[in-house]
Amino acid sequence: MELGRIIKKSRKESNMTQQEVAEKLNISRQTLSNWEIGKNYPDVFMLLKLADFYSLSLDTLLRGDESLMKKIESDSKQLHFFKELPFYLIIDILLIVFSFVLLFLIKGSTKTLSLVLPWQIILSVASFSMLFIFLSRNSHNLKQKSVIISFLVLLFATLICLVLLMLFMLALSNTVVIN
């Protein structure tokens with residue numbers, strides 16, 4: 001049986017209106033109605049509240065509703081994304097800061113530049129790798145606004161590292177002077 005039918009059946013067995021249930025669960029009547037007709041689904045937290053409210057097991061609520069199971073899987077992937085996001089951002093920010101530190105270490109010295117260039121190559125490869133890892137781990141969420149914004153931030157950081165690498169290479173070839 002689908003979740004919506006179970007919620008509706010449980011509500012009717014409790015002799016309650018949608019409005020009464022909605023007030024007890026602190027949701028709108030329209031939200032409950034949408035769940036009952038299968039238009040959308042409650043989040044995991046609300047599933048727990050529904051199970052407690054109707055004295056049902058989660059197994060009873062979830063079993064047999066394939067689209068709800070997909071929603072729960074998607075929600076868990078999204079939570080996983082938000083756990084990883086600070087890691088990606090902190091690493092990329094550190095890479096950019098280190099790139100600028102290398103830029104200020106040069107101060108026009110070709111000898112220093114030749115020592116710094118390999119490090120900037122490593123930083124650029126690391127930044128590109130972070131971008132690639134981020135994409136491979138979050139390709140299923142690329143339609144979500146937060147993932148797109150995070151991708152753009154990481155892409156921007158990668159581009160900064162690559163531009164600095166190009167600047168260092170031009171400076172090494174005496175095309176550009178860094179002061």
Side-chain angles (χ1 to χ4, degrees), residues 1-100 123-162:
M1 186 182 281
E2 291 181 19
L3 177 66
R5 290 185 192 151
I6 294 170
I7 293 172
K8 186 174 185 175
K9 180 182 173 210
S10 298
R11 178 180 56 80
K12 288 189 177 211
E13 287 174 355
S14 300
N15 294 318
M16 296 180 80
T17 66
Q18 286 182 339
Q19 187 63 40
E20 292 170 331
V21 172
E23 287 173 6
K24 296 227 185 248
L25 295 175
N26 295 319
I27 58 173
S28 69
R29 186 206 55 80
Q30 187 63 42
T31 298
L32 181 61
S33 173
N34 286 338
W35 295 343
E36 287 184 358
I37 62 174
K39 189 174 182 181
N40 55 37
Y41 295 99
D43 60 21
V44 174
F45 176 73
M46 190 52 70
L47 280 171
L48 291 170
K49 284 180 79 170
L50 285 167
D52 289 342
F53 184 76
Y54 290 124
S55 299
L56 298 170
S57 70
L58 279 175
D59 189 54
T60 303
L61 282 176
L62 302 177
R63 190 164 304 274
D65 198 331
E66 194 65 34
S67 54
L68 177 62
M69 295 303 290
K70 287 180 183 176
K71 181 188 182 313
I72 291 171
E73 182 180 350
S74 171
D75 286 352
S76 70
K77 287 179 182 177
Q78 190 173 13
L79 285 174
H80 184 70
F81 163 75
F82 285 112
K83 281 183 180 177
E84 287 183 343
L85 181 60
F87 168 76
Y88 290 113
L89 294 177
I90 288 170
I91 295 296
D92 247 4
I93 288 169
L94 289 174
L95 291 173
I96 290 172
V97 167
F98 195 59
S99 292
F100 278 105
L123 291 173
S124 298
V125 169
S127 184
F128 184 76
S129 299
M130 290 290 293
L131 185 66
F132 180 76
I133 291 168
F134 177 84
L135 275 176
S136 65
R137 293 180 64 92
N138 296 290
S139 61
H140 57 279
N141 288 335
L142 280 179
K143 293 181 182 175
Q144 295 176 358
K145 189 176 183 178
S146 58
V147 175
I148 292 171
I149 291 170
S150 302
F151 169 74
L152 291 175
V153 168
L154 293 174
L155 178 62
F156 181 70
T158 301
L159 291 175
I160 289 173
C161 285
L162 290 174

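Here the structure is a predicted model, which means the values were calculated and not measured. Numbers here are sequence positions counted from 1.
- In this view, I91 and F87, L95, M130 satisfy the side chain to side chain contact (heavy atoms under 4.5 Å, CB included) rule, not counting sequence neighbours.
- Taking both residues in full, the closest heavy atoms of S127 and C161 are given as CB-SG, 4.0 Å, listed atom of the first, atom of the second, then distance.
- Atom CG of L154 and atom CD1 of I149 lie 12.0 Å apart (nearest 0.5 Å).
- In terms of heavy atoms, L123 sits closest to F98 at CD1-CD2, 3.2 Å.
- The heavy-atom pair separating L32 from R11 by the smallest distance is CD2-CD, 4.2 Å.
- Under a 3.5 Å cut-off, the side chain of S136 and the backbone N or O of I133 do form a donor-acceptor pair.
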Quick one, L56 with L50, criterion side chain to side chain contact (heavy atoms under 4.5 Å, CB included). Give me CA distance, side-chain angles, the key distance, then yes/no.
CA-CA 8 Å; L56 298 170; L50 285 167; over 6 Å; no
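- Counted within 6.0 Å of CZ on F53, heavy atoms from surrounding residues, nucleotides or ligands total more than 12; the atom is thus considered enclosed.
- Each of Q18, K8, K9 was scored for a side chain to side chain donor-acceptor pair (under 3.5 Å) with E36, with one residue passing: Q18.
- In this structure, L131 and L155 have side chains that are in contact, with non-hydrogen atoms separated by less than 4.5 Å.
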Could you give me the CA-CA distance, side-chain angles and deciding distance for R29 and Q19, then say whether side-chain hydrogen bond (donor to acceptor under 3.5 Å, both in side chains) is met?
CA-CA 5 Å; R29 186 206 55 80; Q19 187 63 40; 4.6 Å; no
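- For the pair E20 and N15, the tightest heavy-atom approach, listed with the atom from each and the gap, is OE1-O, 4.1 Å.
- In this structure, I6 and Y54 have side chains that are not in contact, with every pair of non-hydrogen atoms separated by 4.5 Å or more.
- From L48, atom CG reaches atom CG of D43 across 9.0 Å, with rounding to the nearest 0.5 Å.
- Side-chain contact check for F151 versus L135: some heavy-atom pair is nearer than 4.5 Å.
- Contact check for M46 versus T31: no side-chain heavy atoms found under the 4.5 Å cut-off.
- Among residues two or more places apart in sequence or in another chain, the side chain to side chain donor-acceptor pair (under 3.5 Å) test is passed with S10 by none.
- Within the 4.5 Å cutoff, no side-chain heavy atoms of Y41 are placed close to those of L47.
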